[in-house]
Number of protein chains: 2
Amino acid sequence: MQDDDIATIMRALGHPVRLNILRILSNQQRPECCCADVTESLTLAQSTVSQHIKVLLDAGLIERKPRGTRNCYIVQHERLAALGSAYSGMVAALGPATPKMEAEPA
Amino acid sequence: MQDDDIATIMRALGHPVRLNILRILSNQQRPECCCADVTESLTLAQSTVSQHIKVLLDAGLIERKPRGTRNCYIVQHERLAALGSAYSGMVAALGPATPKMEAEPA
DNA sequence: CATGTATATCGCAAGATGACGATAAAATCA
DNA sequence: TGATTTTATCGTCATCTTGCGATATACATG
């Protein structure tokens with residue numbers, strides 16, 4: 001994964017509302033979750049929620065599924081995991097992960 | 001770690017130049033790395049680099065160490081690891097991490 | 001004290017972001 | 001067909017971001 005991709009996804013995740021939207025979409029109680037459901041769970045205008053959803057869509061973090069007049073959104077766990085891997089790799093490459101945890105040779 | 005903290009750190013990491021700065025600061029060849037060193041490695045004005053450094057500072061991802069007329073910056077690996085943990089926890093809480101990898105009961 | 005060096009900060013301009021209300025588009029239903 | 005529902009998009013505004021050059025600050029050194 002390229003730096004630009006990582007940065008794009010990070011930026012998409014860099015807003016509390018969008019983290020919340022991911023949680024709302026992942027709610028097991030609600031198998032298919034549409035924009036109205038998300039809006040209902042937040043104190044934001046529908047257009048604002050739609051914009052946030054677009055950011056998550058463009059970052060590949062969710063996927064759109066048309067369901068009649070509604071659009072349901074599915075969290076792309078693979079993509080989330082991919083970022084996790086890329087991030088871990090990057091942090092590991094940056095240097096000693098936890099130097100204080102390593103045995104200090106006398 | 002709160003959503004706001006996660007979002008703040010994510011936003012700080014949500015720019016390719018800042019990812020690069022973290023790498024430059026982590027370069028083992030250069031034990032103490034200051035703003036000028038970073039600027040030298042990038043095609044950006046010193047003031048711009050200083051601003052990016054400030055973003056990383058405010059997010060707690062690096063630490064400033066005065067060295068005479070220079071300021072050296074140290075990557076806070078703990079903080080990077082903390083984000084990794086928080087992120088992993090969040091993704092895990094979001095739902096099935098990798099459902100396709102699980103044995104499908106017939 | 002004066003000079004030089006390194007860096008943070010200021011001011012500015014261009015563009016992106018986040019919020020909203022209003023509206024258009026697409027699908028369902030009477 | 002017409003009405004309803006759901007959602008994306010448009011226009012607008014205020015704010016934040018990203019880049020720059022210029023400048024002030026702080027430290028070392030002559």
Side-chain angles (χ1 to χ4, degrees), chain A residues 3-25 27 30-75, chain B residues 3-25 27 30-75:
Chain A
D3 266 15
D4 286 341
D5 300 309
I6 297 181
T8 296
I9 302 179
M10 289 279 191
R11 221 172 332 148
L13 294 174
H15 196 293
V17 166
R18 289 195 284 266
L19 295 180
N20 249 315
I21 291 178
L22 286 183
R23 287 208 194 81
I24 293 167
L25 292 180
N27 188 357
R30 199 153 26 188
E32 302 251 296
C33 197
C34 65
C35 180
D37 297 324
V38 176
T39 303
E40 205 172 75
S41 303
L42 300 171
T43 56
L44 288 172
Q46 177 268 326
S47 56
T48 304
V49 173
S50 197
Q51 270 188 341
H52 281 299
I53 285 178
K54 182 167 171 44
V55 173
L56 293 172
L57 261 179
D58 291 345
L61 292 171
I62 61 178
E63 211 178 51
R64 178 180 293 163
K65 284 202 178 180
R67 289 279 182 276
T69 65
R70 297 180 294 178
N71 281 340
C72 293
Y73 292 96
I74 315 291
V75 175
Chain B
D3 267 14
D4 285 341
D5 300 309
I6 297 180
T8 296
I9 301 179
M10 289 278 190
R11 226 179 7 236
L13 294 174
H15 195 294
V17 166
R18 289 195 284 267
L19 295 180
N20 248 315
I21 290 177
L22 286 184
R23 286 208 196 81
I24 293 167
L25 292 180
N27 188 358
R30 199 152 29 189
E32 302 250 297
C33 197
C34 64
C35 180
D37 296 323
V38 177
T39 303
E40 204 173 78
S41 303
L42 300 171
T43 57
L44 288 171
Q46 176 267 326
S47 56
T48 304
V49 173
S50 197
Q51 270 188 339
H52 281 298
I53 285 178
K54 182 168 170 45
V55 173
L56 293 171
L57 261 178
D58 291 345
L61 292 171
I62 60 178
E63 210 178 52
R64 178 180 294 164
K65 282 201 178 182
R67 289 279 182 277
T69 66
R70 296 180 294 177
N71 281 339
C72 294
Y73 293 95
I74 315 291
V75 175

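Below, chain A is the first sequence line, B the second, and so on; all start at residue 1. Excluded from the calculations below are hydrogen atoms, water molecules and symmetry mates; all remaining heavy atoms, backbone and side chain alike, are included.
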Indicate, with a heavy-atom threshold strictly under 4.0 Å, whether A/Arg67 touches base, sugar-phosphate, or nothing. nothing
Could you check how far [atom1] of [X] sits from [atom2] of [N], rounded to whole Å?
X: A/Arg11; N: D/dT18; atom1: CZ; atom2: C1'; result: 11 Å
X: A/Leu13; N: C/dT17; atom1: CG; atom2: P; result: 14 Å
X: A/Asn71; N: C/dT28; atom1: CG; atom2: P; result: 12 Å
X: A/Gln46; N: C/dC20; atom1: CD; atom2: P; result: 11 Å
X: B/Leu19; N: D/dT18; atom1: CG; atom2: P; result: 12 Å
X: B/Arg64; N: C/dA6; atom1: CZ; atom2: P; result: 17 Å
X: A/Leu44; N: C/dG21; atom1: CG; atom2: C1'; result: 14 Å
X: A/Lys65; N: D/dT7; atom1: NZ; atom2: P; result: 16 Å

Donor-acceptor check, side chain of B/Asp58 to backbone of B/Val55, threshold 3.5 angstrom: yes or no? no
Under 3.5 Å donor-acceptor, A/Ser50 side chain and A/Gln46 backbone: no
Which of D/dT7, C/dG18, C/dT9 is nearest the side chain of A/Arg18? It is C/dG18
Here's a test for you: under side chain to side chain contact (heavy atoms under 4.5 Å, CB included), which of B/Val49, B/Leu42, B/Asp37 qualifies with B/Ile24? B/Leu42
Pairwise 5' ranking along DNA chain D for A/Gln51 and A/Leu57, keeping only the more 5' one: A/Leu57
Residue whose closest nucleotide on DNA chain D lies nearer the 5' end, A/Lys54 versus A/Arg70: A/Arg70
From CD1 (A/Ile53) to CG (A/Asn71), nearest 0.5 Å: 9.0 Å
A/Ser47 or A/His15, whichever maps to the more 5' nucleotide of DNA chain C: A/His15
Of A/Thr69 and A/Val17, whose closest DNA chain C nucleotide lies nearer the 5' terminus? A/Val17
Does D/dT17 have its OP1 or OP2 closer than 4.0 Å to a side-chain nitrogen or oxygen of B/His52? no
Strictly below 4.0 Å: does A/Thr48 bring a side-chain N or O up to OP1 or OP2 of C/dG18? no
Can you establish whether the number of heavy atoms outside A/Arg70 located under 6.0 Å from its atom CZ is more than 12? no
